[in-house]
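Keep in mind the model is a prediction, meaning the values are calculated, not measured. The basis for the numbers below is simple: all heavy atoms, side chains too, and nothing from hydrogens, waters or symmetry mates. Position 1 is the first residue of the sequence, and the numbers go up from there.
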Amino acid sequence: MKAALQLDLTGHTYREISVENFVENVWGLDNDKIQKIMAEKLVLAKDPLDVYESVLNTAGKKENDLHEPFCKIATGLLDDICKLFGMQVGSIRTGFWDYKGDTMIRSQETDRKPDMADVFLPIILRVIWQEVRSVIAFKLKRNKPPTNGRKLSDVQEHEPLENVTPDTHSRPSFSCGSGSRVKEVGDVVAGRQCHHTSKNNRSATQHLIATSAGTSRDTSMTFSSSTNYTSTQSTRKRSRDGDDQGCRKRKRGRRSIKITDDQMQLATYALECLGASSRHYTTGIFIDKRKVSLWYYDRTAVIRTVNFDFTTEKGASYLGLTLFALGQCDLRQAGFDPHIHKFIRPAQPDAVILESDIQPLDKPPVETVHVCAKSSTEMTSVCEECPRTMSGVCSKCAKELAEACRMCTKKTTSICYRFPKSEGKPDYVFPVSKVLATYRGINGRGTYVASVYAGRVGSKLRNSLYALKMSWQYISRTHEGDLLQTVRAALPPYWQKRLPNPLFYAKYTSEELGLPSSKMKSILEDPNAPDNAIQGRDLHALVSNLYVPLWEAKNVEEFKRVFLDCVECHYHVFTSGRVIHRDISQNNLMIWRPGQTDRIPVEDSVTQNDHESVGGRDTEDVEPDDDSKDISSASPPIEEQETIGVLNDLDLGMEVNDKGEPPLSANHHRTGTFPFMARDLLKPKLDIPHHLYRHDLESFFYILIWAATHYDFNNQVQPIKPTPKILRFWADETHAYDHKVLLYYGDDFEAIQNSTLSAFNEMWAKWIKPLWVLFRSAFSYVNECKEQIKAMEGQEGVDRLLIDCGGPWAIGETPRGLNPDFAVTEILESFDK
């Protein structure tokens with residue numbers, strides 16, 4: 001994990017900044033307060049400092065032995081700063097969660113034992129990543145005898161700014177997991193559900209640091225698995241954005257700060273914080289014995305401060321400044337998504353949404369619930385008293401809370417997304433039903449997907465679910481919603497139904513969102529080194545129909561119908577809409593069963609509320625939502641039970657010229673998802689070619705092979721089989737190209753056929769084998785006719801040679817809807833005759 005994450009961050013870690021710049025621009029501390037704290041001669045508490053030094057100098061001591069004295073030092077500093085500003089000592093309402101590094105915080109992917117975490121009070125044993133404001137990592141490496149006249153500690157120190165490493169833009173390696181999914185560091189992980197466990201169930205010492213007063217609200221976020229839009233089985237995306245990091249041409253002179261292996265530990269905690277929700281950024285504190293540095297992570301950049309020794313006079317002031325700035329920052333300044341609000345569900349299904357139903361958050365949307373260890377009864381009446389006083393007993397078993405509260409857990413309640421109002425855009429509210437996918441990485445698109453309800457203030461919630469997708473796209477990228485509108489306008493209703501129909505979409509710049517990395521551009525970028533410039537990203541939000549993935553087809557016949565819909569829709573998008581998809585993968589071919597895939601779950605069919613009544617509601621004579629009809633209403637009526645294949649996820653799509661080529665500016669990067677990428681796009685040390693229509697066709701072919709060896713439609717629990725060993729190379733950057741070559745000129749095709757599931761045997765013979773012959777002939781033709789191809793004008797001529805040489809591609813029957821020169825659908829269908 002660390003090695004892959006290191007590569008993920010290569011080239012995105014920027015020059016060191018001062019602590020003052022960090023706390024002002026990231027945590028929002030007023031400059032006057034910064035100056036006042038730094039002018040104060042803060043002194044560290046002597047007794048805990050002596051204990052801290054003793055741990056550093058005593059053999060056999062561990063890093064977690066540093067926690068308690070450090071927390072006492074921190075508490076003393078905060079008390080002094082509170083007095084400096086006339087605040088009540090102990091009034092700060094956050095603290096360090098510290099369970100000696102023995103307690104797990106679990107996500108779907110990993111169990112991690114962070115050293116400490118900054119969270120809101122009260123603090124209990126079980127903490128989840130969604131509520132962690134910042135993470136703290138300690139390192140205690142003892143010096144070894146000098147080597148070649150240098151102390152080892154000199155080597156371990158963080159490299160100064162002048163000693164930086166050229167950015168090679170190396171790409172992470174990929175490997176397959178034991179299950180059915182291709183494991184990639186920066187992929188989308190679907191159906192993430194956070195679990196929180198501890199290997200010991202004992203009470204642990206809690207070191208609380210007090211911060212400013214305030215009240216908490218009962219809020220939370222639902223994180224659970226679902227088979228909507230993306231799945232818990234095989235929904236991982238490319239490790240880096242297919243349109244950028246992984247295959248970007250190296251920029252000369254680009255330089256970046258090194259990240260040491262020890263500092264990567266802090267980065268893994270940051271990854272968990274970002275991956276747990278739609279968070280915009282997160283922060284961390286790295287403490288290497290006496291030296292401290294502050295770290296910032298978002299989807300564009302990693303920023304760190306210079307080191308300071310907190311045991312020195314100035315360093316003590318810097319530590320106090322750090323702790324106070326972190327303690328006083330609000331949710332937005334801590335990096336949490338400002339578009340999330342607490343949502344109070346209407347008491348009646350037909351009630352309208354009121355402005356008062358949408359409430360701001362002042363702490364992460366997570367609620368603590370205490371459960372009796374003996375009776376399993378929720379003890380909500382005593383939650384506010386525990387664990388500060390450990391007073392009270394369970395009403396059912398009379399067991400004292402000091403023991404019962406070992407079972408404390410987290411509970412989630414309703415939240416919604418509400419985006420800034422803009423001219424021409426309805427003021428929608430999107431209450432969350434389930435979180436379907438979050439991004440497994442730091443730098444990149446950070447895609448977040450949830451199934452949501454939809455409604456507008458003053459109107460009722462719609463009677464179906466939708467998919468909300470948010471991602472961070474480079475500023476040069478056209479919004480997926482705009483591409484969809486362009487394409488849909490060029491297609492008849494029959495094919496419009498096979499594309500997403502946006503209910504809402506919007507773009508927000510990093511400046512509009514107030515991201516610290518955008519505010520610090522002038523500090524971070526060297527005017528004499530323009531290649532060091534941070535490539536900005538905008539937040540793209542899109543809401544459309546809710547679908548299920550390709551592997552949730554009922555049987556092979558339905559799979560084939562859906563696949564054909566997607567292949568032919570892709571053709572019409574290219575020929576009539578003049579847009580090339582550029583990321584054909586199993587994740588982007590979806591199934592829509594209107595009224596089924598977007599149906600509200602039974603448990604939510606009657607809206608629930610945690611209060612008894614709501615005043616001032618009108619449930620009759622409600623002004624209807626202008627968009628209250630289903631967003632598929634522009635298409636002809638769809639019969640019940642009809643299954644439609646949908647070509648989804650055009651966020652890497654590009655408009656093409658008359659030759660079918662995207663703009664030259666788009667060709668700095670290869671695009672696609674590794675197992676399904678075209679062979680030509682995988683060539684090592686290749687000047688990135690145009691991503692052509694035939695590359696997408698080749699990806700469709702690889703999806704057929706993948707489905708035939710993975711999809712078990714009879715297994716509802718685990719519909720995707722583990723990846724056969726020979727196909728694991730397709731997801732390995734080092735070997736992917738070689739094995740795509742061996743597929744056509746070696747023994748791989750026969751070996752893969754031996755792994756085919758029995759339900760796909762007929763499809764293998766009628767579809768996959770003829771297509772394999774076609775592509776093999778095309779590749780052979782290119783190799784034999786290189787000079788002829790070079791003499792032809794433009795890439796369009798090469799494409800036509802590749803299409804015509806195989807013969808079957810020239811088969812053309814009357815296509816559905818439109819009348820193109822040739823139709824891939826008819827070719828595939830002809831194999832079935």
Asker: Report the residue from Phe779, Phe701, Trp764, Phe749 that forms a ring pair (Phe, Tyr, Trp, His ring centres under 6.0 Å) with Trp772.
Answerer: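 One option only clears the test, and that one is Phe749.
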
Asker: Determine the minimum heavy-atom distance between Ala751 and Ile726, stating which atoms define it.
Answerer: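 Looking at all heavy atoms of both residues, the shortest contact is CB-CD1, 3.4 Å.
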
Asker: Between Thr756 and Asn761, does a side chain to side chain contact (heavy atoms under 4.5 Å, CB included) hold up when you go through it step by step?
Answerer: CA-CA 7 Å; Thr756 303; Asn761 286 340; 3.9 Å; yes

Asker: Does the Lys NZ or Arg CZ of Arg498 fall within the cation-pi geometry relative to Tyr494 - under 6.0 Å from the ring centre and within 45° of the axis?
Answerer: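 Geometry flag: set, cation within 6.0 Å and 45°.
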
Asker: Looking at Lys469 and Glu480, does any basic side-chain N land under 4.0 Å from a carboxylate oxygen?
Answerer: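 A salt bridge links Lys469 with Glu480.
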
Asker: So which heavy atom on Ser699 is nearest to which on Ala678, and how close?
Answerer: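 So the two residues come closest at OG-N, 4.1 Å.
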
Asker: What residues form a side-chain hydrogen bond (donor to acceptor under 3.5 Å, both in side chains) with His479, not counting sequence neighbours?
Answerer: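 For His479, no residue satisfies side-chain hydrogen bond (donor to acceptor under 3.5 Å, both in side chains) once neighbours in sequence are set aside.
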
Asker: So does Asp598 pair up with Arg593, basic N to acidic O under 4.0 Å?
Answerer: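 No.
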
Asker: With a 6.0 Å cut-off on ring centres, are Trp706 and Phe676 close enough?
Answerer: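 When the ring centroids of Trp706 and Phe676 are compared, they turn out to be within the sub-6.0 Å range.
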
Asker: I'd like to check the side-chain hydrogen bond (donor to acceptor under 3.5 Å, both in side chains) partners of Tyr505; sequence neighbours left out, ordered by chain and number.
Answerer: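 In terms of side-chain hydrogen bond (donor to acceptor under 3.5 Å, both in side chains), with neighbours along the sequence ignored, Tyr505 is linked to Asp482.
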
Asker: Just jot down the ring-ring contact (aromatic ring centres under 6.0 Å, His included) partners of Phe504, sequence neighbours excluded, or say none.
Answerer: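 Once residues adjacent in sequence are excluded, the partners of Phe504 under the ring-ring contact (aromatic ring centres under 6.0 Å, His included) criterion are Phe419, Phe430.
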
Asker: Quick check with a 6.0 Å cut-off and a 45 degree axis cone: is Lys560 positioned over the face of Trp767's six-membered ring?
Answerer: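 Yes - Lys560 lies over the ring of Trp767, closer than 6.0 Å to its centre and within 45° of its axis.
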
Asker: Can you confirm whether Tyr745 sits close enough to Arg776 that some side-chain heavy atom of one is under 4.5 Å from a side-chain heavy atom of the other?
Answerer: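 Yes. Closest side-chain heavy atoms under 4.5 Å.
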
Asker: Does the ring centre of Tyr439 sit less than 6.0 Å away from the ring centre of Tyr448?
Answerer: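 For Tyr448 and Tyr439, the ring centres are not under 6.0 Å apart.
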
Asker: How about Asn588 and Asp583: does a side-chain donor come under 3.5 Å of a side-chain acceptor?
Answerer: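 Yes, Asp583 and Asn588 have a side-chain donor paired with an acceptor closer than 3.5 Å.
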
Asker: Measure the spacing between CG of Leu650 and CG of Leu647 and express it to the nearest 0.5 Å.
Answerer: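 These two atoms lie 6.0 Å from each other.
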
Asker: Do Asp732 and His735 come within less than 4.5 Å of each other through their side chains, counting heavy atoms only?
Answerer: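 Yes, at least one pair of side-chain atoms sits under 4.5 Å.
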
Asker: Please check if the side chain of His695 supplies one atom and the backbone of Leu692 the other of a donor-acceptor pair under 3.5 Å.
Answerer: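 Between the backbone of Leu692 and the side chain of His695 there is a qualifying donor-acceptor contact (under 3.5 Å).
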
Asker: Identify whether NZ of Lys or CZ of Arg in Arg578 sits under 6.0 Å from the centre of the six-membered ring of Phe574 and within 45° of that ring's axis.
Answerer: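 Arg578 over Phe574 ring: yes.
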
Asker: For Asp712 versus Leu757, what's the shortest heavy-atom pair and its separation?
Answerer: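 In this case the closest contact between Asp712 and Leu757 is N-CD1, 4.0 Å.
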
Asker: For the residue pair Leu539 and Met470, establish whether any side-chain heavy-atom pair is separated by less than 4.5 Å.
Answerer: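 A side-chain contact under 4.5 Å exists here.
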
Asker: Listed by chain and number, what are the ring-ring contact (aromatic ring centres under 6.0 Å, His included) partners of Tyr737, not counting sequence neighbours?
Answerer: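 Not a single residue meets the ring-ring contact (aromatic ring centres under 6.0 Å, His included) criterion with Tyr737.
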
Asker: Can you sort out the partners of His570 under ring-ring contact (aromatic ring centres under 6.0 Å, His included), two or more places apart, ordered by chain and number?
Answerer: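 If we apply the ring-ring contact (aromatic ring centres under 6.0 Å, His included) test to His570, skipping adjacent residues, the hits are Tyr693, Phe700.
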
Asker: Please find the pair of heavy atoms, one from Ala490 and one from Gly577, that lie closest to each other, and give the distance.
Answerer: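 Nearest pair, atom of Ala490 first, then Gly577: CB-CA, 4.0 Å.
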
Asker: Could you tell me whether the side chain of Val562 reaches within less than 4.5 Å of the side chain of Leu589, counting heavy atoms only?
Answerer: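 Side-chain contact under 4.5 Å: no.
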
Asker: Would you check if Leu727 and Asp748 make a side-chain contact, meaning some heavy-atom pair closer than 4.5 Å?
Answerer: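 Contact flag for Leu727/Asp748 side chains = no.
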
Asker: Kindly write out the residues that satisfy side-chain hydrogen bond (donor to acceptor under 3.5 Å, both in side chains) with Tyr702, not counting sequence neighbours, or none if the list is empty.
Answerer: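 Glu698, Tyr744.
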
Asker: Counting C-beta onward and ignoring hydrogens, is there a side-chain heavy-atom pair between Ile644 and Ile591 closer than 4.5 Å?
Answerer: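 No. Closest side-chain heavy atoms not under 4.5 Å.
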
Asker: Can you check whether Thr723 reaches His710 side chain to side chain, under 4.5 Å on heavy atoms?
Answerer: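 Yes, side chains in contact.
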
Asker: Sub-3.5 Å donor-acceptor pair from the side chain of Asp538 to the main-chain atoms of Lys507, do we have one?
Answerer: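 Flag not set: sc Asp538 to bb Lys507 has no pair under 3.5 Å.
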
Asker: Closest approach of Arg694 and Asp680, non-hydrogen atoms and distance?
Answerer: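 Smallest heavy-atom distance, with atoms named: NH1-OD2, 3.1 Å.
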
Asker: Take atom CG of Asp747 as the centre, draw a 6.0 Å sphere, and report whether it contains more than 12 heavy atoms from other residues, nucleotides or ligands.
Answerer: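 12 or below, so no.
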
